[in-house]
Amino acid sequence: MDEQPRLMHSHGVGMAGHPGLAQHMQDGTAGSDGEGRKQDIGDILQQIMTITDQSLDEAQARKHALNCHRMKPALFNVLCEIKEKTVLSIRGAQEEEPPDPQLMRLDNMLLAEGVAGPEKGGGSAAAAAAAAATGGIGADNSAEHSDYRAKLSQIRQIYHTELEKYEQACNEFTTHVMNLLREQSRTRPISPKEIERMVSIIHRKFSSIQMQLKQSTCEAVMILRSRFLDARRKRRNFNKQATEILNEYFYSHLSNPYPSEEAKEELAKKCGITVSQVRKSNKVSNWFGNKRIRYKKNIGKFQEEANMYAARTAVNATSVSAHGSQANSPSTPNSAGDCSEGKRSLLSYSDFATVLD
DNA sequence: GGTAATGATTTGAA
DNA sequence: TTCAAATCATTACC
């Protein structure tokens with residue numbers, strides 16, 4: 001391109017704004033006196049004014065003649081360079097932007113939730129994680145679980161459909177603009193670099209639309225997730241069988257109703273509930289905590305219940321001893337009578353009931 | 001709708 | 001971290 005200044009000089013295109021006019025005036029077609037110049041400019045203006053009156057064929061012919069002109073490539077290069085050095089050099093500084101941190105956050109979140117990226121079983125992993133965070137899933141929760149998965153899958157589907165639409169629209173628009181600019185580059189100075197730059201501008205615009213889509217999708221996932229977690233938080237009464245198992249243990253260990261971790265796990269297993277390491281969400285621990293305090297507050301009220309379970313335990317014990325085997329209740333490291341660790345005994349009449357019976 | 005029962009959570013002590 | 005105690009919030013029953 002170091003040939004350009006020479007070309008500019010030798011072919012009289014120094015007047016960047018009016019190259020045609022400059023050349024016209026320099027190659028001797030203009031008159032040397034003022035009157036001649038006026039006449040010449042008048043002719044050019046006349047030509048410009050009559051362009052609109054030309055037929056399509058005439059216009060095409062003129063365009064073709066212009067494109068075939070021997071000086072056209074040189075002129076085109078010079079004009080492109082001038083253009084590059086002026087207006088577009090300012091825009092050039094905006095290129096090579098670092099990736100948007102917000103967009104990265106959104107992308108990461110969509111990936112983590114299983115909305116973007118490869119299908120991860122319709123978000124079952126996320127649902128399982130959400131459920132685990134609240135203390136586990138029982139069989140009764142499978143309906144909500146699948147509901148969560150179905151809704152997440154819907155969100156995923158909508159997201160991908162919309163994303164595809166945006167990408168298609170972006171490609172169509174880019175192709176259209178590129179074709180337009182290529183076509184126009186035959187009559188005005190548009191370099192391939194400028195077309196490339198225009199394409200990147202279009203992509204930037206479309207990616208900002210995509211970011212909105214990603215943001216909306218993230219919001220939808222968050223709402224779904226919070227609803228699901230709220231649903232987990234809702235109270236579910238234990239079924240009758242589970243309550244009986246827990247009561248049986250409680251009343252048969254009334255002197256020290258503090259099941260060990262192993263015992264809790266075994267009870268949870270029997271009741272069909274899970275035990276979390278975090279006490280806050282440990283259903284068995286909650287149950288025993290509530291039971292202890294409520295029993296202690298109103299022993300009289302629970303007396304009948306205590307007697308009933310004590311009798312049942314006695315019957316079981318008799319039947320077990322008749323079969324010559326050990327007690328079948330969950331492991332009881334802190335069994336009755338052992339009131340260590342300063343825990344208060346809830347011993348009452350019912351504890352003796354087994355003996356009396 | 002009112003009330004009791006009950007699972008979950010919070011708070012403070014050990 | 002566990003527990004007791006108080007409290008909240010939901011469910012079950014009338």
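Throughout, a chain's letter reflects where its sequence line sits, starting with A, and its residues are numbered from 1. Side chains are part of it too, since the values below use all heavy atoms of this structure and drop only hydrogens, waters and symmetry mates.
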Between [X] and [N], is there a contact of a side-chain N or O with OP1 or OP2 at under 4.0 Å?
| X | N | result |
| --- | --- | --- |
| A:Lys283 | B:dA8 | yes |
| A:Lys296 | C:dA5 | yes |
| A:Arg294 | B:dA5 | no |
| A:Lys301 | B:dA4 | no |
| A:Tyr295 | C:dA5 | no |

Any carboxylate oxygen within less than 4.0 angstrom of a Lys/Arg side-chain nitrogen, looking at [X] and [Y]?
| X | Y | answer |
| --- | --- | --- |
| A:Glu266 | A:Lys269 | no |
| A:Glu196 | A:Lys193 | no |
| A:Lys270 | A:Glu248 | no |

Separation of atom [atom1] in [X] from atom [atom2] in [N], rounded to whole Å:
| X | N | atom1 | atom2 | value |
| --- | --- | --- | --- | --- |
| A:Asn286 | C:dT11 | CG | P | 16 Å |
| A:Lys240 | B:dT6 | NZ | P | 13 Å |
| A:Asn298 | C:dA5 | CG | P | 14 Å |
| A:Arg292 | C:dA5 | CZ | C1' | 12 Å |
| A:Asn290 | C:dA6 | CG | C1' | 11 Å |
| A:Trp287 | B:dA5 | CH2 | P | 15 Å |
| A:Lys291 | C:dA5 | NZ | C1' | 17 Å |
| A:Phe288 | B:dA8 | CZ | P | 14 Å |

### Query
How are the rings of A:Tyr295 and A:Tyr251 set to each other: parallel, tilted or perpendicular (split at 30° and 60°)?
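Aromatic pair A:Tyr295/A:Tyr251 classed perpendicular.
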### Task
Looking at every strand, decide which applies to A:Asn237 at a 4.0 Å heavy-atom threshold: base, sugar-phosphate, or nothing.
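Since only primed, P, OP1 and OP2 atoms lie under 4.0 Å of A:Asn237, the category is sugar-phosphate.
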### Query
Are A:Tyr309 and A:Phe250 close enough that their ring centers fall under 6.0 Å?
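No; A:Phe250 has its ring centre 6.0 Å or more from that of A:Tyr309.
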